[in-house]
Amino acid sequence: MHIMEGFLPPLHAAGWIAASLPFVVMGAVKVKRLMKEKPEIRLLLGAAGAFSFVLSALKLPSVTGSCSHPTGTGLGAVLFGPSVMALMSTIVLVFQALLLAHGGITTLGANIFSMGVVGPWVAWVIYRGGRHIGLPVPAAILVAAGLGDLATYVTTSLQLAVAFPDPVSGVMGASLKFLSVFALTQIPLAMVEALLTVAVFNWLERNSSDELRLLAVVNDKEVPHAA
């Protein structure tokens with residue numbers, strides 16, 4: 001979903017920056033509060049950011065001006081809430097634009113909105129909904145990570161369709177075209193990301209259970225304290 005540098009019209013690029021900015025500010029405020037109240041979670045926060053950076057750097061060629069890859073934002077959204085991932089995705093996307101030429105600075109707002117706002121919020125809502133109806137944590141994370149990934153690409157398709165509507169069928173027709181091309185690569189990638197996210201969470205559950213309890217992701221019934 002990294003829309004490349006200079007691909008969006010200037011007004012669209014500016015509009016997406018304005019739309020993303022409030023969420024990034026909310027994320028910065030929440031990270032500051034978490035670091036003050038729960039400094040024990042710093043390593044977990046770094047691990048979630050690294051997970052997103054590595055997965056989202058594994059890009060495959062896709063439609064003109066963009067690409068396909070996992071996003072890795074579902075794990076952080078489940079652990080810390082969606083607003084934190086807006087800030088972390090911004091950091092990830094800035095480094096990738098400057099160091100790897102993935103995406104760009106002018107398209108940063110659009111890329112933040114799809115990967116750092118919509119994807120994490122969808123993942124978080126699905127995770128909370130899954131837990132509310134009684135799904136075990138791994139199952140809720142599996143569904144949340146997969147659908148959060150797909151939501152990111154639905155958003156990118158709409159962003160591109162609004163910027164470049166089809167001459168005949170308009171924005172709706174262009175959306176369907178972008179979605180159909182993304183679907184070929186993104187659906188299997190989302191399934192892989194979902195499985196990998198569960199595997200990483202299971203590892204965290206074995207090695208960072210105290211931090212997960214502190215974040216109220218698991219409780220003593222699900223992960224008993226060691227004797």
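Both backbone and side-chain heavy atoms feed into the values below; hydrogens, waters and symmetry mates do not.
Here CE of Met115 is found 7.0 Å from CE of Met85. Values are rounded to the nearest 0.5 Å. Here CG of Asn207 is found 11.0 Å from CG of Leu44. Values are rounded to the nearest 0.5 Å. Note that CG of Leu55 and OG1 of Thr197 are 7.0 Å apart. Values are rounded to the nearest 0.5 Å. Residue Met26 holds its CE atom at 12.0 Å from CG of Leu87, rounded to the nearest 0.5 Å. Asn111 contributes atom CG, which lies 11.5 Å from atom OG1 of Thr155 (distance to the nearest 0.5 angstrom). One finds the CZ atom of Phe178 at 11.0 Å from the CD atom of Gln159 (value rounded to the nearest 0.5 Å).
Between the side chain of Thr106 and the backbone N or O of Glu5, no donor-acceptor pair lies under 3.5 Å. In terms of modelled atom types and a separation under 3.5 Å, the side chain of Ser89 and the main chain of Ala86 share no donor-acceptor contact. In this structure, Asp149 contributes its side chain and Pro70 its backbone to no donor-acceptor pair below 3.5 Å. The closest donor-acceptor contact from the side chain of Gln186 to the backbone of Ser68 lies at 3.5 Å or more, if one exists at all. Panel note: side chain Tyr153, backbone Ser114; no donor-acceptor pair is recorded below 3.5 Å. Checked by atom type and distance alone, the side chain of Thr107 pairs as donor or acceptor with a backbone atom of Ile3 at under 3.5 Å. A donor-acceptor pair under 3.5 Å is formed between the side chain of Ser180 and the backbone N or O of Lys177. For Glu193 (side chain) and Thr71 (main-chain N/O), a donor-acceptor pair under 3.5 Å exists by modelled atom type. The closest donor-acceptor contact from the side chain of Thr185 to the backbone of Phe182 lies under 3.5 Å.
By the side-chain contact (heavy atoms from CB on, under 4.5 Å) test, Pro9 is found to be paired with His12, Ala163, Phe164, residues two or more places apart in sequence or in another chain being considered. Judged as a ring-ring contact (aromatic ring centres under 6.0 Å, His included), and not counting sequence neighbours, Phe201 has no contacts.
The shortest side-chain heavy-atom distance between Leu45 and Met35 falls under the 4.5 Å cut-off. Taking 4.5 Å as the limit, some side-chain heavy atom of Leu204 sits within range of a side-chain heavy atom of Leu79. Val122 has its side chain out of reach of Thr152: every pair of non-hydrogen atoms, C-beta onward, lies at least 4.5 Å apart.
Nearest approach of Ala97 to Gly103, heavy atoms of both residues: CB-C, 4.4 Å. What you find for Gly146 and Ala194 is that their closest heavy atoms are N-CB, 3.8 Å. Minimum heavy-atom separation, Gly76 to Ala48: CA-CB, 4.1 Å. Here the closest non-hydrogen pair linking Pro138 and Val198 is O-CG2, 3.5 Å. What you find for Glu40 and Glu211 is that their closest heavy atoms are O-CG, 3.6 Å. Shown here for Pro188 and Ala183, the closest heavy-atom pair between the two residues is CD-O, 4.0 Å.
Cluster membership for Val92 and Val25, using ILVMFWY side-chain heavy atoms within less than 4.5 angstrom, is not shared. Taking hydrophobic clusters as Ile, Leu, Val, Met, Phe, Trp and Tyr residues chained together by side-chain heavy-atom distances below 4.5 Å, Leu214 shares a cluster with Leu75. Clustering ILVMFWY residues whenever any of their side-chain heavy atoms sit less than 4.5 angstrom apart, transitively, puts Leu21 in a cluster other than the one holding Phe23.
Residue pairs meeting the salt bridge (charged side-chain N to carboxylate O under 4.0 Å, His left out) criterion with at least one partner in residues 126-140, sequence neighbours excluded, are Arg131-Glu222.
Membership of the apolar cluster around Val162 extends to Val171, as traced through chained side-chain contacts below 4.5 Å between ILVMFWY residues. Other members of the hydrophobic cluster containing Leu179, listed by chain and number, are Val154, Leu158; membership follows side-chain contacts under 4.5 Å among ILVMFWY residues, whether direct or relayed. In this structure, Leu135 belongs to a hydrophobic cluster whose other members, linked by side-chain heavy atoms under 4.5 Å apart, are Ile133.
Annotation for Leu11: atom CG does not count as buried by contact number, only 12 or fewer foreign heavy atoms lying within 6.0 Å.
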